[in-house]
Each structure stands twice: as C-alpha cells, then as structure tokens.
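We name chains A, B, ... by the order of the sequence lines, and we start the count at 1 in each one. Reckoned from all heavy atoms, side chains included, excluding hydrogens, waters and symmetry mates.
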Amino acid sequence: MSGPTVPGQPAPSAGSPSSPDSSSPRRSAGAPRTVRPPWHPTQLFSPARLRQLGVLVLLGLLAAVVTGPTGDSDHPLQAARDAIVDPRIVLFLVLAVALWLVVVLGGELRALVVRLATPVRGPVGAAYGRRGGPIVLNLVLLAAAIIAPMLFSTAAQQSMVNDIGIYALLALGLNVVVGYAGLLDLGYIAFFAIGAYATAYFTSQTAMPWHAPFTLNPFFVFPIALLLAALAGIILGAPTLRLRGDYLAIVTLGFGEIIHLLANNADGITNGARGAFGVPHLSIHLLGIDYRWGIDPLPYYYLLLAIVVLVMIAFGRLERSRIGRSWAAIREDEIAAEATGVATLRLKLLAFAIGASVSGFAGVLFASKQFFNPQSFSLQASFFVVAVVIFGGMGSRLGVVVGAVVLQGLAFYLRDKVAPADRYIYFGAVIVTMMIFRPQGLVPSRRRRREIELSEAGVGAADALGVAPTGARS
Amino acid sequence: MSRGGSHRAGARGGGDSGGAGGSDAGGHAVPGARRPSVVERAGGESGDPVVEARDLSLRFGGVTSLDGVSLRQRRGEILAVIGPNGAGKTSLFNCLTGAYRPQQGSVTFWPQPGQPAELVGRRPHAITRLGVARTFQNIRLFPALSALENVQIGTEVRQKYGPLSAVLGLPHARRAERDGVRRAADLLDLVGLGHRTHEQAASLPYGEQRRLEIARALGTDPRLLLLDEPAAGTNPAEKRDLAGLITRIAGTGVSVLLIEHDMGLVMSLATSVAVLNFGRMIAYGPPSEVQRDPAVIEAYLGAGADAGSGPGSATRSGTGTGSGGAGPRNRKELG
C-alpha cells in the first residue's frame with residue numbers, strides 16, 4: 001500500500017516513446033488508476049519492507065528500554081543495560097515482528113485472497129459485494145467482548161467501563177463528524193461535559209450548587225442530554241460550519257475550552273474544580289423490575305456494550321443510506337456535492353448534531369457511573385478522542401472501537417509501569433508509528449482506504465485527517 | 001413541483017445505446033425535423049424559454065469576467081456557448097448554477113412553463129433541486145465512490161427520508177433507496193456504463209469519467225443540463241458517442257446548454273450558438289450564421305485575418321487547438 005508505485009505519475013521513460021495513443025498523457029493525468037502491480041513473492045522482502053521491519057525492531061527495543069524494570073528517562077543507559085538483560089526484550093521483539101507481519105504481509109495476503117477469489121471483477125467490485133461485513137467475525141468479536149471482562153481484575157474491569165467503553169462510545173460519535181462528514185472537531189468533549197453536567201443538574205439536589213427543582217431518574221436524562229447536546233452542536237455548528245478545515249478545527253477548539261473553563265470556574269453553579277459528587281447510579285423501577293447499577297463495574301460494562309453495539313448498527317445503516325453517501329460526497333468534493341444537489345451545510349450540521357448527541361449520551365453514563373470534575377473534560381480528552389478515531393481508522397465503526405480498546409488498554413497497561421508524565425510519550429510514539437506505516441488506521445473503512453490511496457496518487461482531497469481543503473482549489 | 005416523468009431519461013433512452021449515437025453524430029446538418037417533437041414532449045411552445053439571463057455582470061476585483069451578458073434559451077434547445085479562452089464561458093455557467101453570485105443582473109429559470117424562478121442568490125444545491133444540473137470542465141467526480149454511488153447521489157437529491165428512518169429501516173426509506181439504485185442503474189445504461197456499475201469512479205478511463213459525470217447530473221432529473229466542455233480530451237470515437245448521447249438527452253425534453261471548443265461537435269449538435277469574447281456576447285444565432293459573422297471570425301483569428309478561414313473552417317482544422325489549448329488557462333477556473 002505504501003509501495004513505491006504512484007499511479008498518478010505517468011512513467012516518462014517507458015510511456016511516451018512507445019505510446020501510439022495520442023491522448024494517453026492527458027488520460028494518465030486525469031485518471032490515475034489504482035491497479036496493483038502483479039503479485040510476486042520477492043515483493044515481500046523489498047528494501048522498503050525490510051526497512052519497515054528494521055524501524056519496528058528499533059521501536060521495540062526502545063519500548064523495552066523505557067518500560068524496563070528501572071525504566072526511567074533520566075537514566076537511559078542504566079535502563080538500557082537492565083532492559084537488555086531482562087527477558088522481556090524477547091516479548092518486545094516478537095511484538096515488533098508480529099506488527100510487521102500484520103502491517104506488511106496482512107495487506108499482501110488480503111490482496112492475494114481477493115485476487116484468487118474474484119479474478120474478474122477486481123478488488124473494488126469484490127469489496128463492494130459484501131456490504132454487511134463479515135458476520136462471523138463480528139459475532140466472534142462480540143463473544144470476546146462479552147467474555148473478556150470476566151478474565152480480568154476489578155481494576156481492569158473498572159477501566160474497561162470508564163475508559164474503554166465510554167471512549168468507544170465517544171469515538172463512535174466523533175467518527176460521524178470526522179470520519180463520515182470529514183469535519184475536524186477538536187472540542188468534541190464539550191458535548192460530553194454538557195451531558196455529564198445535565199445529569200448532575202437533573203438527578204441530584206446535592207451534586208452541584210445549581211440543581212433542578214425536581215429529581216429525575218438518570219434514565220430520563222438520556223433523552224434530555226441527547227437533545228441538549230444536539231442543540232449545542234447545532235448552535236456551535238450553524239455559524240461555523242461554513243468555515244473549512246483548519247478554521248473549523250480552531251473554532252471547535254475554542255468552544256471546547258470555553259465549556260471546560262466554564263465548568264472549572266463557575267463555582268456557584270458547577271461546584272468548580274471540586275467536581276460533582278453524588279450523582280445517583282442508574283436504576284430501573286419498572287413493572288416489578290427493580291434493578292440498580294452499583295459500584296460493581298460489570299453491569300455497567302454490559303450496558304455500555306449493548307449501547308455501543310446498537311450505536312454501531314445504527315451508524316452502519318446511516319452510512320449506507322443516502323445520508324451516508326451525501327457525507328462521502330461532501331468529504332470527497334464539496335463543490336461537486338453542492339452542484340449535485342447535496343445540501344452540504346445542512347448535512348454537515350446533521351453530522352455535528354448526531355456526533356454531539358452521542359457525546360451527550362455518553363456524558364450521562366459517565367456521570368452516573370462515577371464522580372467527575374472538569375479535569376475529565378480537558379483539551380487533552382478531546383485530543384484523545386480524535387487520536388482514537390484516527391488510530392482506529394476514520395470512518396470505520398469497528399475501527400474506532402478497536403482504537404479505543406488499544407489506546408485505552410495501553411494507558412491502563414502503562415499506568416503502573418511508567419511515570420504518569422511519561423505516558424503520553426508512548427501514545428505519541430504509537431500514533432506516529434501508525435501514521436507512517438498505516439495512515440488509514442488499524443481497521444480502515446473501505447471507502448476511506450480508497451480515498452487515502454487516491455489522495456496519495458494526487459486525486460481527491462481526502463488526507464489522513466479527513467479534512468478536504470476544497471476551499472484552496474476553487 | 002410535480003415531477004411525473006422523472007424516469008423518462010432512463011426508460012426511453014436506455015434502449016438505443018451506442019449504435020444510434022454514432023449515426024446521429026455523423027450528420028453535419030442539424031436534424032431540424034426532430035426539434036418540434038422534442039418541444040412538444042417537453043410540454044411547451046417553441047418560443048417558450050427555459051432559462052433567461054439578463055444583463056449579467058461578474059467582476060473579480062478589477063477583472064471583469066462577464067460584462068452585461070444576456071442570454072435566452074428555448075425549451076428543448078441545444079444551445080452552445082463558444083468563445084476564446086478566458087471569454088467568460090465557465091463564469092457564465094457558475095453564475096447560472098449559483099457557484100458565483102454576479103454583481104449585477106438576473107437569471108430566470110422555468111422548471112415548468114409559466115413557473116419562473118429567480119436563480120441569482122440561491123445556493124447551488126437549491127438550484128440543482130429546481131432542475132438545473134451541470135458537469136465540470138475538469139471532471140469532479142467522487143473518486144473513491146463506485147460509479148453507481150456517484151449517480152445515486154444525484155438520484156437521491158429529492159428524497160425526503162431522514163436519519164431516523166434510515167436507522168430504523170422504515171419501509172418508505174427502503175423503497176426510496178431501491179428507487180434511487182434503479183434509476184441510477186438505468187442512467188448508467190443510458191450513458192453506456194452499465195458494465196462499470198461497481199467500479200471506483202477514479203479507476204474509469206477519462207472518457208467514461210466524463211460520461212459518468214453526465215449520468216450523475218441527469219440523476220438529479222434536470223430540465224436544463226449544463227455541460228462544460230464534455231468532449232475535452234476525448235478521442236474521435238468517444239466524441240461521436242458523446243454527440244449521440246447529447247442528442248438523446250435533448251430528445252427526452254432536457255434542454256442542453258453546452259460549452260465546447262470542438263467546432264465540429266458544436267455545429268452538428270447546437271440549434272443556436274452564442275459567442276462570448278472578453279465577457280461580452282458578440283454573436284448569437286443559428287450555427288451557420290454565427291460561423292460567418294465577421295466579429296466572431298475576428299475574435300477567433302484576430303483582426304485582419306483572412307475572412308475565408310473563420311471558425312467555419314475551424315470545424316475541421318481548428319478542432320485540435322480548440323480543445324487541446326483550452327486546458328491550462330480555463331482549468332484554473334472553478335469547474
């Protein structure tokens with residue numbers, strides 16, 4: 001995929017002298033093809049591939065050094081010596097080679113399978129054929145998700161709910177904005193905060209100084225928070241969605257900070273930096289059923305899992321509807337989309353509102369689960385959600401969930417291993433590695449992968465960030 | 001807005017793809033005998049206008065792109081806009097479709113006879129929904145979507161179902177979805193891309209991308225189709241197919257407004273020709289008259305040129321320079 005062939009460039013040496021077709025230079029300029037070169041075993045060990053292996057091994061060594069028994073960035077040499085005599089270095093090297101196999105050979109193998117399976121229609125047609133995705137794989141993953149928490153400690157379960165589950169939901173929502181509509185929203189966590197504070201406002205008389213004159217069951221706050229967050233999304237989006245790319249990112253960044261600072265500084269309303277304490281847990285009292293989600297993380301986990309699966313199914317349908325196609329059109333060429341009758345502004349606003357409402361929804365779950373303070377809604381959290389989406393694979397529902405699992409899993413793993421201040425170094429390293437070798441993300445969507453391949457060949461406007469800078473071209 | 005005959009393009013045109021196209025295009029004379037029937041089918045009289053631009057002026061800073069251009073197209077007509085590079089042809093298109101807003105002048109469009117609508121000040125998508133579709137000079141497809149999906153985006157433009165019906169899979173949403181796919185597939189057949197349905201738009205050859213763009217525009221069910229240099233960069237065989245396609249489209253009651261540098265194509269297709277130069281319209285009339293107009297000859301060949309070798313002979317000799325040389329300059333403009 002990151003191979004040396006760039007289809008957009010006509011090969012000057014081979015093409016021009018022997019070409020009998022007079023229109024061929026023009027054709028190659030206008031219609032770069034994405035035809036892979038014929039497969040050959042020697043490709044596996046091309047210099048580029050070996051270089052990738054080398055880089056990964058180096059990264060593995062580095063990771064071994066810094067996570068070693070005395071892993072400490074202040075004494076790197078000491079750490080290096082300890083790490084090299086430590087048996088864990090084997091693990092890291094195996095991981096590095098495994099990553100190489102997945103990243104490099106995975107693509108080759110898939111291409112080979114597709115070639116063998118569909119000699120006539122080619123990879124694109126074949127990929128298009130199975131719309132529902134591999135059902136068996138989905139079921140296996142679902143089963144794994146159901147069984148997984150039983151194998152872990154309570155602390156890990158706690159993290160699976162608070163970090164992985166909530167962030168998977170957040171990433172699914174942001175995926176609509178970034179992955180489908182191609183808008184970069186850096187203040188996404190603000191809607192999460194709106195959901196959380198709405199929960200505190202409506203469900204408890206004591207959590208914040210400011211509260212509703214009545215108390216609601218947290219379940220009733222779900223629709224309220226959904227609407228409130230969607231409304232906030234529309235209020236933020238209506239004047240700003242005319243902006244393109246970078247400008248929109250800046251505005252949303254500002255919005256996120258405004259909400260964060262409001263929550264942090266309005267002592268008399270939100271209880272300021274001390275945070276809201278004592279929001280009741282979720283509970284059902286209906287038709288004789290009387291159930292209360294308590295301190296045990298497992299029931300929360302399964303509730304979240306059910307919600308995440310439902311949201312994934314819903315967004316899958318949305319993506320395959322005319323609305324999803326319109327978003328793809330906006331992403332790929334906004335001017336052409338507008339000329340084809342797509343109400344671009346309204347659809348972008350819709351994406352914004354849908355993303356925001358998911359975020360608000362997640363906020364209710366978060367608030368009813370645990371104590372929270374404005375720290376949870378910092379800029380860093382916003383960036384983290386964006387990182388999860390990009391890492392997992394923009395536009396891919398399974399991808400962003402896997403992204404949340406991997407990145408938050410890494411955070412949980414590193415919690416006891418390294419100093420908290422060092423943790424983001426590892427995130428940075430992982431994400432940088434990812435962007436170099438696999439810009440389309442861990443589990444990319446087919447559409448997105450095609451767009452990125454095309455933009456590498458110089459066609460279309462999609463890049464790894466999904467922001468189509470159409471303004472520059474008009 | 002009643003759109004009873006919305007499937008006609010696909011249904012009627014689909015049968016005679018390819019073969020008929022060649023024979024239509026080959027003819028030099030305008031097939032005048034067919035015109036009245038087209039107008040009847042479109043449900044209007046022959047003088048009935050489909051679009052009228054009045055006194056359009058468009059300036060970019062100190063550069064005047066359009067200078068008081070007025071233009072009127074009759075329903076069912078194929079009107080060609082020609083002119084040297086930078087004459088303002090694409091600017092005119094952009095004013096008609098809402099991409100640019102002219103500083104002065106108005107554009108009236110009649111989706112149905114007797115129902116005028118002002119286009120200046122509307123957003124492009126609103127104009128498309130009224131029934132004006134366009135293609136772009138430098139092809140602007142959705143490159144990573146399949147050919148079918150490209151056209152579907154056009155056919156789904158007026159569908160009403162919202163996100164909730166899509167998520168819940170309500171019957172009316174499913175019906176609309178199926179309808180959109182069927183119409184898109186019909187249109188792909190119409191433009192001769194039936195065998196490319198699931199291929200990625202960017203992987204199609206150049207000429208097929210041009211036709212796919214036309215199919216996408218037709219998907220929006222237009223009354224007026226604006227084609228911006230549809231033959232640019234295509235080979236002679238593709239040009240013949242294209243001429244046949246345009247004739248068939250016009251035959252279904254869609255008025256076609258055409259920017260084209262290929263004089264052979266213009267002369268064989270157009271019922272009327274408008275010539276722009278430096279943002280002004282310098283000639284308008286049937287192709288045979290425009291061809292002999294001294295102002296046109298001067299615009300194309302410069303003052304003092306031999307009157308005998310005007311755009312009339314450019315039909316044959318000037319074709320290559322016209323379409324080939326058009327690129328660099330105009331390509332910078334929008335669309």
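- Arg123(B) meets the salt bridge (Lys or Arg N to Asp or Glu O under 4.0 Å) test with Glu338(A); sequence neighbours excluded.
- Of the residues considered (Glu208(B), Arg216(B), Glu213(B)), Arg216(B) shows the highest number of contacts with chain A, using heavy-atom pairs under 4.5 Å.
- For the options Ala328(A), Ser321(A), Ser326(A), heavy-atom pairs under 4.5 Å to chain B are most numerous at Ser321(A).
- Contact record, Ala166(B) with Leu318(A): CB-CD1, 4.2 Å, taken as the closest heavy-atom pair.
- With a 4.5 Å cut-off on non-hydrogen atoms, Arg196(B) does not touch chain A at all.
- Ranked by heavy-atom pairs under 4.5 Å with chain B, the first of Ile323(A), Thr340(A), Leu345(A) is Thr340(A).
- In terms of heavy-atom pairs under 4.5 angstrom with chain A, the leader among Ala217(B), Pro124(B), Gly98(B) is Pro124(B).
- One finds the CG atom of Leu148(B) at 8.0 Å from the CZ atom of Arg325(A) (value rounded to the nearest 0.5 Å).
- At a threshold of 4.0 Å, the pair Glu177(B)-Arg322(A) does not count as salt-bridged, since none of the basic side-chain nitrogens sits closer than that to a carboxylate oxygen.
- Between Phe136(B) and Ala336(A) the shortest heavy-atom distance is CE1-CA, 4.0 Å.
- Only the side chain of Leu350(A) comes within contact range of chain B, judged by heavy atoms closer than 4.5 Å.
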Exercise for review: Would you sort out whether Arg140(B) and Asp333(A) count as a side-chain contact (heavy atoms from CB on, under 4.5 Å), showing the intermediate values?
Suggested key: CA-CA 7 Å; Arg140(B) 302 192 82 139; Asp333(A) 192 332; 2.8 Å; yes
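- Val167(B) has its side chain out of reach of Phe315(A): every pair of non-hydrogen atoms, C-beta onward, lies at least 4.5 Å apart.
- For chain A, the nearby part of Leu168(B) is the backbone; its heavy atoms alone come within less than 4.5 Å.
- Ranked by heavy-atom pairs shorter than 4.5 Å toward chain A, the options Leu145(B), Leu164(B), Thr197(B), Thr97(B) are led by Leu145(B).
- At a 4.5 Å heavy-atom cutoff, the contact between Leu141(B) and chain A is made by backbone atoms alone.
- Residues Ile354(A) and Pro163(B) share a closest heavy-atom pair of CD1-CB, 4.4 Å.
- Sorted by first and then second residue, the salt bridge (charged side-chain N to carboxylate O under 4.0 Å, His left out) pairs with a member in residues 341-355 of chain A read Glu334(A)-Lys348(A); sequence neighbours excluded.
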